[in-house]
A.B. asks: 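Let me give you the structure first, and then I'll get to my questions.
Residue indices begin at 1 and follow the sequence shown. As the structure lists them, so they are numbered: ligands from 1, and atoms in each ligand from 1.
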Amino acid sequence: MTSSIDSTGGRRPRTVLVTGASRGLGRELASLYAADGWRVIACLRGAASLGGEIETQLLDVSDPSSIGALGRALQGVAIDVVINNAGIRGDTGGLSTLDDDDFVEVMRVNALAPLLLVRALRANLLAGESRVIANISSRAGSLAEGTLDDDDGDYAYRCSKAALNMATVKLAQDLRKDGITVLSLHPGWVKTDMGGDEASVPVATSAAGLKAIIDKADPADSGSFRSYDGRRISW
Ligand SMILES: NC(=O)c1ccc[n+]([C@@H]2O[C@H](COP(=O)([O-])OP(=O)(O)OC[C@H]3O[C@@H](n4cnc5c(N)ncnc54)[C@H](OP(=O)(O)O)[C@@H]3O)[C@@H](O)[C@H]2O)c1
(Lines give C-alpha, C1' and ligand atoms only; values in the text may rest on other atoms or scores of the structure.)
Protein backbone atom coordinates (compact mmCIF):
# COMPACT_ATOMS: atom_id res chain seq x y z
CA MET A 1 0.00 0.00 0.00
CA THR A 2 1.53 3.31 -1.03
CA SER A 3 -1.07 5.88 -0.06
CA SER A 4 -2.79 6.98 3.11
CA ILE A 5 -5.58 9.32 4.20
CA ASP A 6 -4.38 12.81 5.12
CA SER A 7 -5.85 15.10 7.78
CA THR A 8 -8.28 16.57 5.27
CA GLY A 9 -9.58 13.15 4.30
CA GLY A 10 -7.78 13.13 0.92
CA ARG A 11 -5.37 10.43 -0.20
CA ARG A 12 -1.71 11.26 -0.27
CA PRO A 13 1.11 9.02 -1.45
CA ARG A 14 3.33 7.55 1.22
CA THR A 15 6.42 9.75 1.52
CA VAL A 16 10.02 8.73 2.09
CA LEU A 17 13.02 10.99 2.60
CA VAL A 18 16.45 9.56 1.74
CA THR A 19 19.78 11.23 2.53
CA GLY A 20 22.85 10.69 0.37
CA ALA A 21 20.71 9.93 -2.67
CA SER A 22 23.19 11.12 -5.33
CA ARG A 23 24.63 7.64 -5.91
CA GLY A 24 25.05 4.17 -4.46
CA LEU A 25 22.50 2.74 -2.09
CA GLY A 26 20.69 6.03 -1.49
CA ARG A 27 20.05 6.55 -5.18
CA GLU A 28 18.85 2.95 -5.58
CA LEU A 29 16.50 3.30 -2.61
CA ALA A 30 15.08 6.53 -4.04
CA SER A 31 14.41 4.86 -7.41
CA LEU A 32 12.90 1.78 -5.79
CA TYR A 33 10.47 3.75 -3.65
CA ALA A 34 9.51 5.96 -6.62
CA ALA A 35 8.83 2.85 -8.73
CA ASP A 36 6.55 1.62 -5.93
CA GLY A 37 4.47 4.82 -6.12
CA TRP A 38 5.89 6.65 -3.12
CA ARG A 39 6.57 10.37 -3.05
CA VAL A 40 10.36 10.51 -2.75
CA ILE A 41 12.30 13.41 -1.26
CA ALA A 42 15.87 12.68 -2.28
CA CYS A 43 18.48 14.72 -0.43
CA LEU A 44 21.71 15.56 -2.22
CA ARG A 45 24.73 17.75 -1.62
CA GLY A 46 24.61 19.24 -5.12
CA ALA A 47 21.78 20.10 -7.48
CA ALA A 48 20.91 17.15 -9.73
CA SER A 49 17.92 15.46 -11.26
CA LEU A 50 17.29 11.83 -10.39
CA GLY A 51 14.67 11.56 -13.09
CA GLY A 52 11.05 10.58 -12.98
CA GLU A 53 8.98 12.16 -10.24
CA ILE A 54 11.73 12.12 -7.64
CA GLU A 55 11.89 15.45 -5.79
CA THR A 56 15.26 16.68 -4.66
CA GLN A 57 16.36 18.83 -1.75
CA LEU A 58 19.83 20.15 -1.05
CA LEU A 59 21.35 18.69 2.09
CA ASP A 60 24.91 18.48 3.36
CA VAL A 61 24.47 16.35 6.47
CA SER A 62 27.81 17.52 7.87
CA ASP A 63 26.43 21.07 8.12
CA PRO A 64 23.86 21.65 10.90
CA SER A 65 22.63 24.82 9.15
CA SER A 66 21.87 22.75 6.03
CA ILE A 67 19.86 20.33 8.18
CA GLY A 68 18.01 23.29 9.73
CA ALA A 69 17.25 24.72 6.28
CA LEU A 70 15.86 21.36 5.14
CA GLY A 71 13.61 21.23 8.20
CA ARG A 72 12.26 24.70 7.37
CA ALA A 73 11.78 23.86 3.68
CA LEU A 74 9.74 20.78 4.59
CA GLN A 75 7.59 22.39 7.27
CA GLY A 76 4.09 20.90 7.15
CA VAL A 77 5.08 17.98 4.90
CA ALA A 78 4.03 14.60 6.28
CA ILE A 79 6.87 12.08 6.01
CA ASP A 80 6.30 8.38 6.63
CA VAL A 81 9.87 7.10 6.44
CA VAL A 82 13.22 8.84 6.97
CA ILE A 83 16.26 6.92 5.75
CA ASN A 84 19.53 8.16 7.19
CA ASN A 85 21.73 6.74 4.44
CA ALA A 86 24.46 9.34 3.78
CA GLY A 87 27.75 8.01 5.04
CA ILE A 88 31.51 8.23 4.62
CA ARG A 89 34.24 5.75 5.40
CA GLY A 90 37.14 8.02 6.23
CA ASP A 91 40.69 6.77 6.47
CA THR A 92 40.74 3.00 6.15
CA GLY A 93 44.14 2.59 7.78
CA GLY A 94 44.76 1.52 11.33
CA LEU A 95 45.84 3.17 14.53
CA SER A 96 49.05 4.49 13.03
CA THR A 97 47.25 6.63 10.44
CA LEU A 98 44.38 7.74 12.67
CA ASP A 99 43.81 11.44 12.07
CA ASP A 100 41.73 13.44 14.53
CA ASP A 101 40.03 15.68 11.94
CA ASP A 102 39.11 12.68 9.81
CA PHE A 103 37.77 10.83 12.84
CA VAL A 104 35.59 13.76 13.91
CA GLU A 105 34.25 14.28 10.37
CA VAL A 106 33.24 10.62 10.07
CA MET A 107 31.51 10.80 13.45
CA ARG A 108 29.75 14.01 12.38
CA VAL A 109 28.40 12.53 9.13
CA ASN A 110 27.64 8.96 10.26
CA ALA A 111 26.52 9.43 13.87
CA LEU A 112 25.65 13.04 14.71
CA ALA A 113 23.85 14.00 11.47
CA PRO A 114 21.15 11.30 11.76
CA LEU A 115 20.28 12.63 15.24
CA LEU A 116 20.11 16.24 14.05
CA LEU A 117 17.99 15.22 11.08
CA VAL A 118 15.54 13.29 13.25
CA ARG A 119 15.23 16.30 15.53
CA ALA A 120 14.60 18.58 12.53
CA LEU A 121 12.00 16.23 11.00
CA ARG A 122 10.25 14.94 14.10
CA ALA A 123 7.05 16.93 13.42
CA ASN A 124 7.05 15.65 9.83
CA LEU A 125 7.24 12.05 11.06
CA LEU A 126 4.45 12.68 13.54
CA ALA A 127 2.30 13.95 10.67
CA GLY A 128 3.06 10.76 8.72
CA GLU A 129 1.48 7.38 9.12
CA SER A 130 4.21 4.70 9.06
CA ARG A 131 6.55 6.69 11.31
CA VAL A 132 9.78 4.79 10.60
CA ILE A 133 13.37 5.99 10.92
CA ALA A 134 15.88 3.69 9.19
CA ASN A 135 19.49 4.32 10.11
CA ILE A 136 21.76 2.71 7.54
CA SER A 137 24.40 1.34 9.84
CA SER A 138 26.92 -1.43 9.25
CA ARG A 139 27.82 -4.76 10.77
CA ALA A 140 31.31 -3.18 10.96
CA GLY A 141 29.94 -1.19 13.90
CA SER A 142 28.70 -4.23 15.83
CA LEU A 143 30.73 -4.83 18.99
CA ALA A 144 29.83 -8.52 18.79
CA GLU A 145 30.31 -9.21 15.06
CA GLY A 146 32.19 -6.24 13.58
CA THR A 147 35.67 -7.71 13.84
CA LEU A 148 34.87 -11.36 13.08
CA ASP A 149 35.50 -11.43 9.33
CA ASP A 150 38.30 -8.94 8.75
CA ASP A 151 40.98 -6.97 10.48
CA ASP A 152 40.74 -3.76 8.44
CA GLY A 153 41.59 -0.58 10.34
CA ASP A 154 38.57 1.65 9.81
CA TYR A 155 38.63 2.98 13.36
CA ALA A 156 36.53 6.04 12.61
CA TYR A 157 33.98 4.16 10.50
CA ARG A 158 33.52 1.35 13.00
CA CYS A 159 33.27 3.73 15.96
CA SER A 160 30.80 5.94 14.08
CA LYS A 161 28.49 3.05 13.20
CA ALA A 162 28.66 1.76 16.79
CA ALA A 163 27.65 5.26 17.91
CA LEU A 164 24.85 5.28 15.34
CA ASN A 165 23.63 1.98 16.75
CA MET A 166 23.37 3.54 20.19
CA ALA A 167 21.53 6.47 18.61
CA THR A 168 19.04 3.94 17.22
CA VAL A 169 18.45 2.38 20.63
CA LYS A 170 18.21 5.73 22.39
CA LEU A 171 15.86 7.21 19.78
CA ALA A 172 13.72 4.07 19.94
CA GLN A 173 13.34 4.62 23.67
CA ASP A 174 12.63 8.35 23.34
CA LEU A 175 10.23 8.14 20.40
CA ARG A 176 8.28 5.01 21.39
CA LYS A 177 5.57 7.19 22.95
CA ASP A 178 5.14 8.91 19.56
CA GLY A 179 4.69 5.57 17.78
CA ILE A 180 7.95 6.12 15.87
CA THR A 181 9.89 2.95 14.99
CA VAL A 182 13.67 3.28 14.78
CA LEU A 183 15.87 0.66 13.10
CA SER A 184 19.57 0.09 12.50
CA LEU A 185 20.02 -1.68 9.18
CA HIS A 186 23.09 -3.37 7.69
CA PRO A 187 22.94 -3.25 3.87
CA GLY A 188 25.45 -6.09 3.31
CA TRP A 189 28.76 -5.65 1.52
CA VAL A 190 27.34 -3.72 -1.41
CA LYS A 191 28.76 -2.98 -4.85
CA THR A 192 28.91 0.82 -4.63
CA ASP A 193 31.73 3.36 -4.59
CA MET A 194 32.12 2.63 -0.89
CA GLY A 195 31.80 -1.17 -1.11
CA GLY A 196 33.95 -1.49 -4.24
CA ASP A 197 33.80 -3.93 -7.16
CA GLU A 198 34.67 -6.97 -5.06
CA ALA A 199 31.58 -6.54 -2.91
CA SER A 200 29.21 -9.49 -2.82
CA VAL A 201 25.76 -7.85 -2.84
CA PRO A 202 24.32 -6.03 -5.90
CA VAL A 203 22.95 -2.65 -4.92
CA ALA A 204 19.46 -3.57 -6.19
CA THR A 205 19.39 -6.67 -3.95
CA SER A 206 20.42 -4.68 -0.91
CA ALA A 207 17.92 -1.90 -1.52
CA ALA A 208 15.07 -4.35 -2.11
CA GLY A 209 15.89 -6.20 1.12
CA LEU A 210 16.10 -2.99 3.13
CA LYS A 211 12.82 -1.70 1.70
CA ALA A 212 11.06 -4.96 2.56
CA ILE A 213 12.19 -4.66 6.18
CA ILE A 214 11.24 -0.97 6.40
CA ASP A 215 7.84 -1.56 4.80
CA LYS A 216 7.00 -4.25 7.37
CA ALA A 217 8.48 -2.45 10.39
CA ASP A 218 6.22 -1.84 13.35
CA PRO A 219 6.78 -0.58 16.90
CA ALA A 220 7.67 -4.10 18.12
CA ASP A 221 10.78 -3.91 15.86
CA SER A 222 11.93 -0.57 17.25
CA GLY A 223 15.48 -0.55 18.55
CA SER A 224 16.54 -3.60 16.55
CA PHE A 225 19.53 -4.21 14.25
CA ARG A 226 18.82 -6.17 11.08
CA SER A 227 20.65 -7.14 7.94
CA TYR A 228 19.18 -6.50 4.45
CA ASP A 229 18.42 -10.25 4.25
CA GLY A 230 16.34 -10.15 7.42
CA ARG A 231 18.92 -11.63 9.79
CA ARG A 232 19.14 -10.07 13.25
CA ILE A 233 22.61 -8.73 14.01
CA SER A 234 24.05 -8.74 17.52
CA TRP A 235 24.89 -5.31 18.83
N1 LIG B 1 28.66 -0.27 0.45
C2 LIG B 1 28.78 -1.07 1.48
O3 LIG B 1 29.33 -2.18 1.38
C4 LIG B 1 28.22 -0.66 2.83
C5 LIG B 1 28.30 -1.59 3.88
C6 LIG B 1 27.77 -1.25 5.11
C7 LIG B 1 27.15 -0.03 5.29
N8 LIG B 1 27.09 0.86 4.25
C9 LIG B 1 26.43 2.14 4.49
O10 LIG B 1 25.45 2.37 3.50
C11 LIG B 1 25.28 3.79 3.30
C12 LIG B 1 25.39 4.09 1.81
O13 LIG B 1 26.67 3.69 1.37
P14 LIG B 1 27.07 3.54 -0.16
O15 LIG B 1 27.77 2.24 -0.28
O16 LIG B 1 25.95 3.87 -1.05
O17 LIG B 1 28.19 4.69 -0.24
P18 LIG B 1 28.64 5.63 -1.44
O19 LIG B 1 28.45 4.93 -2.73
O20 LIG B 1 30.00 6.11 -1.06
O21 LIG B 1 27.59 6.86 -1.36
C22 LIG B 1 27.60 7.67 -0.21
C23 LIG B 1 26.47 8.66 -0.33
O24 LIG B 1 26.51 9.50 0.87
C25 LIG B 1 26.54 10.85 0.44
N26 LIG B 1 27.23 11.72 1.39
C27 LIG B 1 28.46 11.60 1.91
N28 LIG B 1 28.73 12.65 2.72
C29 LIG B 1 27.63 13.44 2.69
C30 LIG B 1 27.29 14.67 3.29
N31 LIG B 1 28.15 15.34 4.10
N32 LIG B 1 26.06 15.19 3.07
C33 LIG B 1 25.19 14.56 2.25
N34 LIG B 1 25.46 13.40 1.62
C35 LIG B 1 26.67 12.85 1.84
C36 LIG B 1 27.25 10.83 -0.90
O37 LIG B 1 26.98 12.03 -1.59
P38 LIG B 1 28.07 12.71 -2.62
O39 LIG B 1 27.81 12.08 -3.95
O40 LIG B 1 27.71 14.17 -2.57
O41 LIG B 1 29.44 12.44 -2.09
C42 LIG B 1 26.61 9.60 -1.53
O43 LIG B 1 25.34 9.91 -2.03
C44 LIG B 1 26.36 4.46 4.13
O45 LIG B 1 25.81 4.89 5.36
C46 LIG B 1 27.35 3.33 4.39
O47 LIG B 1 28.10 3.53 5.57
C48 LIG B 1 27.61 0.57 3.03
Side-chain angles (χ1 to χ4, degrees), residues 17-32 40-50 54 56-70 82-92 101-102 104-117 120 133-142 145-150 152 154-165 167-168 183-211 213-214 225-229 231 233:
L17 180 142
V18 186
T19 68
S22 63
R23 55 193 166 94
L25 191 56
R27 183 163 192 152
E28 188 70 22
L29 283 164
S31 300
L32 193 58
V40 178
I41 302 170
C43 298
L44 318 159
R45 273 199 279 199
S49 166
L50 299 194
I54 297 175
T56 57
Q57 287 283 343
L58 285 176
L59 176 66
D60 179 342
V61 300
S62 70
D63 177 1
S65 70
S66 178
I67 294 176
L70 179 75
V82 170
I83 304 181
N84 279 308
N85 166 79
I88 53 174
R89 192 161 170 196
D91 175 48
T92 56
D101 288 337
D102 177 76
V104 170
E105 184 63 8
V106 175
M107 291 297 282
R108 177 177 283 285
V109 169
N110 294 0
L112 175 60
L115 284 173
L116 297 182
L117 193 74
I133 296 164
N135 291 327
I136 305 300
S137 180
S138 172
R139 184 168 175 257
S142 158
E145 301 184 24
T147 55
L148 293 181
D149 302 332
D150 62 62
D152 288 353
D154 281 322
Y155 271 85
Y157 186 73
R158 290 174 188 281
C159 291
S160 70
K161 294 297 188 180
L164 177 62
N165 286 342
T168 293
L183 308 171
S184 266
L185 297 176
H186 168 58
W189 182 23
V190 194
K191 280 190 212 303
T192 60
D193 292 340
M194 186 186 287
D197 291 339
E198 305 274 288
S200 52
V201 183
V203 67
T205 306
S206 175
L210 295 172
K211 182 173 181 296
I213 293 171
I214 294 167
F225 189 11
R226 306 269 298 279
S227 170
Y228 76 100
D229 56 8
R231 190 174 73 81
I233 298 184

A.B. asks: Should you measure from each heavy atom of G24, which atoms of ligand 1 turn up under 4.0 Å away?
C.D. replies: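 In order of number, 16 (O), 19 (O).
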A.B. asks: Is a side-chain N or O of D150 found less than 3.5 angstrom from the main chain of D152, in a donor-acceptor match?
C.D. replies: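 Side chain of D150 to backbone of D152, a donor-acceptor pair under 3.5 Å: yes, one is there.
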A.B. asks: What heavy-atom pair brings K191 and V203 nearest, and what distance separates the two atoms?
C.D. replies: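 That closest heavy-atom pairing would be O-CB, 4.1 Å.
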A.B. asks: Identify the protein heavy atom lying closest to atom 2 (C) of ligand 1, giving its residue, its atom name and the separation to 0.1 Å.
C.D. replies: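 Nearest neighbour among protein heavy atoms for atom 2 (C) of ligand 1, to 0.1 Å: V190 N, 3.5 Å.
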A.B. asks: When you look for heavy atoms under 4.0 Å from ligand 1, do you find them on the side chain of I136, its backbone, both, or neither?
C.D. replies: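 For I136, backbone and side-chain atoms both sit under 4.0 Å from ligand 1.
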A.B. asks: Quick test: of every protein heavy atom, which one is nearest to atom 22 (C) of ligand 1, and how far off is it to 0.1 Å?
C.D. replies: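 Of the protein heavy atoms, G87 O, 3.7 Å lies nearest.
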A.B. asks: Name the closest protein heavy atom to atom 43 (O) of ligand 1, giving the residue it belongs to and the distance to 0.1 Å.
C.D. replies: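 Sorting protein heavy atoms by distance from atom 43 (O) of ligand 1 puts S22 OG, 2.8 Å first.
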A.B. asks: With no hydrogens and no angle check, is any side-chain donor or acceptor of S66 less than 3.5 Å from a backbone partner on D60?
C.D. replies: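 Judged by distance alone, yes, a pair lies under 3.5 Å.
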A.B. asks: Measure the shortest side-chain to side-chain distance between T168 and S137 over non-hydrogen atoms and say whether it is less than 4.5 angstrom.
C.D. replies: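 Contact flag for T168/S137 side chains = no.
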A.B. asks: Minimum distance, heavy atoms only, to atom 44 (C) of ligand 1: which one of L210, N85, V203 is it?
C.D. replies: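 Comparing heavy atoms across L210, N85, V203, the nearest one to atom 44 (C) of ligand 1 lies in N85.
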A.B. asks: Tell me whether D102 contacts the main-chain N or O of D91 through its side chain, where contact means a donor paired with an acceptor under 3.5 Å.
C.D. replies: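 Yes, the answer is positive, given that a donor and an acceptor are paired below the 3.5 Å cut-off.
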A.B. asks: Nearest 0.5 Å, what's the CD1-OG distance between I233 and S184?
C.D. replies: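 It comes to 9.0 Å.
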A.B. asks: Restricting to non-hydrogen atoms, name the atom on S206 and the atom on P187 that form the minimum distance, rounded to 0.1 Å.
C.D. replies: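 For S206 versus P187, the nearest heavy atoms are OG-O, 2.7 Å.
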A.B. asks: Just to confirm my output: which protein heavy-atom neighbour is closest to atom 16 (O) of ligand 1, and how far is it?
C.D. replies: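 Among all protein heavy atoms, the one nearest atom 16 (O) of ligand 1 is L25 N, 2.9 Å.
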A.B. asks: Counting from 1, what ligand 1 atoms have a heavy atom of L59 closer than 4.0 Å?
C.D. replies: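 Near L59, meaning under 4.0 Å from one of its heavy atoms, ligand 1 has 32 (N), 33 (C).
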A.B. asks: Do me a favour and list the nearest non-hydrogen protein atom to atom 18 (P) of ligand 1 with residue, atom name and distance?
C.D. replies: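 Going atom by atom, the protein heavy atom closest to atom 18 (P) of ligand 1 ends up being R23 NH1, 3.7 Å.
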A.B. asks: Minimum heavy-atom separation for A207 to L25, with atom names?
C.D. replies: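 Nearest pair, atom of A207 first, then L25: N-CD1, 4.0 Å.
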A.B. asks: Short question: side chain of T205, backbone of V201 - any donor-acceptor pair under 3.5 Å?
C.D. replies: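 Checking the backbone N and O of V201 against the side chain of T205, no donor-acceptor pair under 3.5 Å is found.
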A.B. asks: Identify the heavy atoms of V109 and A113 that sit nearest to each other, and give their distance.
C.D. replies: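 Taking every non-hydrogen atom into account, O-CB, 3.5 Å.
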A.B. asks: Only heavy atoms count here, so choose which of V61, I88, V106 is nearest to atom 32 (N) of ligand 1.
C.D. replies: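 It is V61 that holds the nearest heavy atom.
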A.B. asks: For W189, counting its heavy atoms only, list the atoms of ligand 1 lying under 4.0 Å from any of them.
C.D. replies: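 So the answer, numbered in order with elements, is 3 (O).
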A.B. asks: Which option, R27, R108, R45, owns the non-hydrogen atom nearest atom 40 (O) of ligand 1?
C.D. replies: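 Looking at heavy atoms only, R45 sits closest to atom 40 (O) of ligand 1.
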A.B. asks: Is the shortest distance from a heavy atom of T19 to ligand 1 less than 4.0 Å?
C.D. replies: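 It does not, in that no heavy atom of T19 comes within the 4.0 Å cut-off of ligand 1.
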A.B. asks: Among all protein heavy atoms in this structure, tell me which lies nearest to atom 1 (N) of ligand 1, with the distance rounded to 0.1 Å.
C.D. replies: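 Here the closest protein heavy atom is T192 OG1, 3.1 Å.
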A.B. asks: Would you say K161 touches ligand 1, if touching means a heavy atom closer than 4.0 Å?
C.D. replies: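 Contact present.
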A.B. asks: How does R139 reach ligand 1, if at all, at less than 4.0 Å between non-hydrogen atoms: by side chain, backbone, both, or neither?
C.D. replies: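 Within the 4.0 Å criterion, R139 makes no contact with ligand 1.
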A.B. asks: Using a 4.0 Å cutoff against the non-hydrogen atoms of D60, which atoms of ligand 1 qualify?
C.D. replies: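 The list of qualifying atoms is 30 (C), 31 (N), 32 (N).
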A.B. asks: Are side-chain N/O atoms of S227 and D229 paired as donor and acceptor at under 3.5 Å?
C.D. replies: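 The answer is yes; a qualifying pair exists.
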A.B. asks: Where is the nearest protein heavy atom to atom 35 (C) of ligand 1: which residue, which atom, and how far?
C.D. replies: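 Answer for atom 35 (C) of ligand 1: A86 CB, 3.7 Å.
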A.B. asks: Going by the order shown, which atoms of ligand 1 are within less than 4.0 Å of some heavy atom of S62?
C.D. replies: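 Listed by number with element, the hits are 31 (N).
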A.B. asks: Is it the side chain, the backbone, both or neither of P187 that has a heavy atom closer than 4.0 Å to ligand 1?
C.D. replies: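 Contact part for P187 vs ligand 1: side chain (C-beta onward).
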A.B. asks: Donor-acceptor pair, N85 side chain versus G20 backbone, under 3.5 Å?
C.D. replies: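 Judged by distance alone, yes, a pair lies under 3.5 Å.
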A.B. asks: Near D193, which atoms of ligand 1 are under 4.0 Å from a heavy atom of that residue?
C.D. replies: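 What qualifies from ligand 1 is 19 (O).
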A.B. asks: Check whether N84 reaches the backbone of T19 with its side chain - one donor and one acceptor, N or O, closer than 3.5 Å.
C.D. replies: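 Pair absent, no side-chain N/O of N84 close to backbone of T19.
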A.B. asks: Quick one: closest heavy-atom pair of V18 and G26, and the distance?
C.D. replies: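 What the structure gives for the nearest pair is CG1-O, 3.8 Å.
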A.B. asks: Judged by non-hydrogen atoms, does S137 sit under 4.0 Å from ligand 1?
C.D. replies: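 S137 counts as a contact of ligand 1 under the 4.0 Å cut-off.
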A.B. asks: Do me a favour and list the nearest non-hydrogen protein atom to atom 47 (O) of ligand 1 with residue, atom name and distance?
C.D. replies: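 Result for atom 47 (O) of ligand 1: Y157 OH, 2.6 Å.
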A.B. asks: Suppose I only count heavy atoms of G188 and a 4.0 Å limit; which atoms of ligand 1 are within that range?
C.D. replies: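 What qualifies from ligand 1 is 2 (C), 3 (O), 4 (C), 5 (C), 6 (C).
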